[in-house]
Amino acid sequence: MTNIGEKAINLLEANHKIKQAVESACLVSNITEKEFYSKSRERHLVDARRMVYSFCRNTLNLSWLTIAKYFQINHATCIHHNKVHEQLVGFDKEYERKYDGFSELVKAEIGFVDINSLIEEIKLAKQRNLQAILAMRTDA
């Protein structure tokens, strides 16, 4: 019974995070949610959707199936958009800038904490602390 409850809670949390990602993509792309969910293939709308699909997969670690179910699309569509996203980030600086802004906005909205970033910050803080201690000992 608790397993079903945990799955329901995880699904609700995933849905909330995806909704926040959509809202942030709309804000960054200067579009409405109606435009985001439309079937239009205008480049700026497709880019906004692509950013959300990729963010959900790469940052939130959601499965292709979870993302596809939420947006009522085929999971292969999500995979395709993620591949194109990776290519665009590599050579389209405007897209990369927009994605970085979108990503930071969503992370702030959902209170996302990247464990690897925290570990790096802790390592740097320890290194600075150790250097300060060593500097004090050499001065004495």
Side-chain angles (χ1 to χ4, degrees):
M1 183 89 163
T2 59
N3 193 20
I4 293 172
E6 288 175 15
K7 285 183 180 180
I9 289 171
N10 289 340
L11 184 60
L12 286 172
E13 286 178 6
N15 286 346
H16 172 72
K17 290 175 181 178
I18 294 171
K19 184 169 176 26
Q20 287 294 326
V22 169
E23 289 174 4
S24 296
C26 290
L27 183 65
V28 168
S29 300
N30 197 26
I31 61 173
T32 65
E33 282 191 40
K34 184 177 180 180
E35 290 174 313
F36 180 90
Y37 287 108
S38 74
K39 299 293 181 187
S40 174
R41 293 183 178 182
E42 292 181 50
R43 168 77 191 264
H44 69 287
L45 299 177
V46 173
D47 280 351
R49 293 181 204 121
R50 178 178 294 126
M51 287 190 292
V52 172
Y53 304 155
S54 296
F55 180 83
C56 289
R57 177 62 179 189
N58 300 330
T59 305
L60 300 179
N61 296 318
L62 299 177
S63 70
W64 294 123
L65 192 57
T66 300
I67 299 164
K69 280 183 179 180
Y70 184 89
F71 292 105
Q72 298 177 352
I73 57 175
N74 188 294
H75 74 283
T77 302
C78 297
I79 294 169
H80 165 75
H81 280 292
N82 191 58
K83 288 179 181 179
V84 173
H85 165 79
E86 290 172 0
Q87 292 171 352
L88 286 173
V89 166
F91 73 86
D92 186 339
K93 295 303 176 192
E94 179 63 22
Y95 178 86
E96 183 179 16
R97 183 191 60 74
K98 187 184 280 189
Y99 180 76
D100 288 344
F102 154 77
S103 178
E104 292 303 315
L105 182 60
V106 178
K107 288 176 183 178
E109 288 290 325
I110 64 174
F112 180 82
V113 177
D114 183 20
I115 299 301
N116 292 328
S117 295
L118 282 177
I119 291 170
E120 287 301 316
E121 286 294 324
I122 291 169
K123 286 179 182 177
L124 288 172
K126 285 184 175 183
Q127 186 178 21
R128 285 190 299 264
N129 190 25
L130 182 59
Q131 288 172 347
I133 291 171
L134 290 174
M136 288 183 355
R137 287 184 181 172
T138 57
D139 289 344

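These values consider heavy atoms only, across backbone and side chains, with no hydrogens, waters or symmetry-generated copies.
- Note: the hydrophobic cluster containing Met51 also contains Phe91 (ILVMFWY, side chain heavy atoms under 4.5 Å, direct or indirect links).
- Distance check, rounded to the nearest 0.5 Å: CG of Leu124 to CG of Asn129 gives 12.5 Å.
- Between Arg57 and Trp64, the shortest heavy-atom contact is CG-CH2, 3.3 Å.
- Look at Lys19 and Glu23 and you find a salt bridge, because one of the NZ, NE, NH1 or NH2 atoms lies within 4.0 Å of a carboxylate O, short of that distance.
- To the nearest 0.5 Å, atoms CG (Asn58) and CG (Asn82) are separated by 4.5 Å.
- The heavy-atom pair separating Val52 from Ala25 by the smallest distance is CG2-CB, 3.5 Å.
- Between Phe36 and Phe71, the angle of the ring planes lies from 30° to 60°, which puts this pair in the tilted group.
- Taking OG of Ser29 as the start and NZ of Lys98 as the end, the distance is 4.5 Å to the nearest 0.5 Å.
- No more than 12 heavy atoms of other residues, nucleotides or ligands sit less than 6.0 Å from atom NE2 of His75.
- Residues passing the side chain to side chain contact (heavy atoms under 4.5 Å, CB included) test with Asp100, sequence neighbours excluded: Glu96.
- Tyr95 and Tyr99 have parallel rings, their planes meeting at less than 30° on a 0 to 90° scale where 60° marks the start of perpendicular.
- A donor-acceptor distance shorter than 3.5 angstrom exists from the side chain of Ser40 to the backbone of Glu42, with no hydrogens or angles considered.
- Annotation: the span from Cys78 atom SG to Leu62 atom CG amounts to 10.5 Å, rounded to 0.5 Å.
- A salt bridge is defined here as a Lys NZ or Arg NE, NH1 or NH2 lying under 4.0 Å from an Asp or Glu carboxylate O, and Arg50 with Asp92 fails to meet this definition.
- Both Ile73 and Ile79 are members of a single hydrophobic cluster when ILVMFWY side chains are connected at heavy-atom separations under 4.5 Å.
- More than 12 heavy atoms of other residues, nucleotides or ligands sit less than 6.0 Å from atom CD of Gln131.
- The two residues Val106 and Ser24 make their nearest non-hydrogen contact at CG2-CB, 3.3 Å.
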Working note: Lys123 + Lys126, criterion side chain to side chain contact (heavy atoms under 4.5 Å, CB included); need CA distance, chi angles, decisive distance, verdict.
CA-CA 5 Å; Lys123 286 179 182 177; Lys126 285 184 175 183; 5.8 Å; no
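- Placement of Leu12 and Ile18 in two distinct hydrophobic clusters is found when ILVMFWY residues are connected by side-chain heavy-atom separations under 4.5 Å, directly or transitively.
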Check the pair Val46, Arg43 against side chain to side chain contact (heavy atoms under 4.5 Å, CB included), reporting the backbone distance first and the verdict last.
CA-CA 5 Å; Val46 173; Arg43 168 77 191 264; 5.8 Å; no
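- Atom CD of Glu35 and atom CG of Asn30 lie 8.5 Å apart (nearest 0.5 Å).
- Phe102 approaches Ala21 most closely through the heavy-atom pair CE1-O, 3.2 Å.
- Hydrophobic clustering of Ile, Leu, Val, Met, Phe, Trp and Tyr side chains at less than 4.5 Å, counting indirect connections, unites Leu45 with Tyr37.
- Between the CZ atom in Arg49 and the SG atom in Cys26 there is a gap of 9.5 Å [rounded to 0.5 Å].
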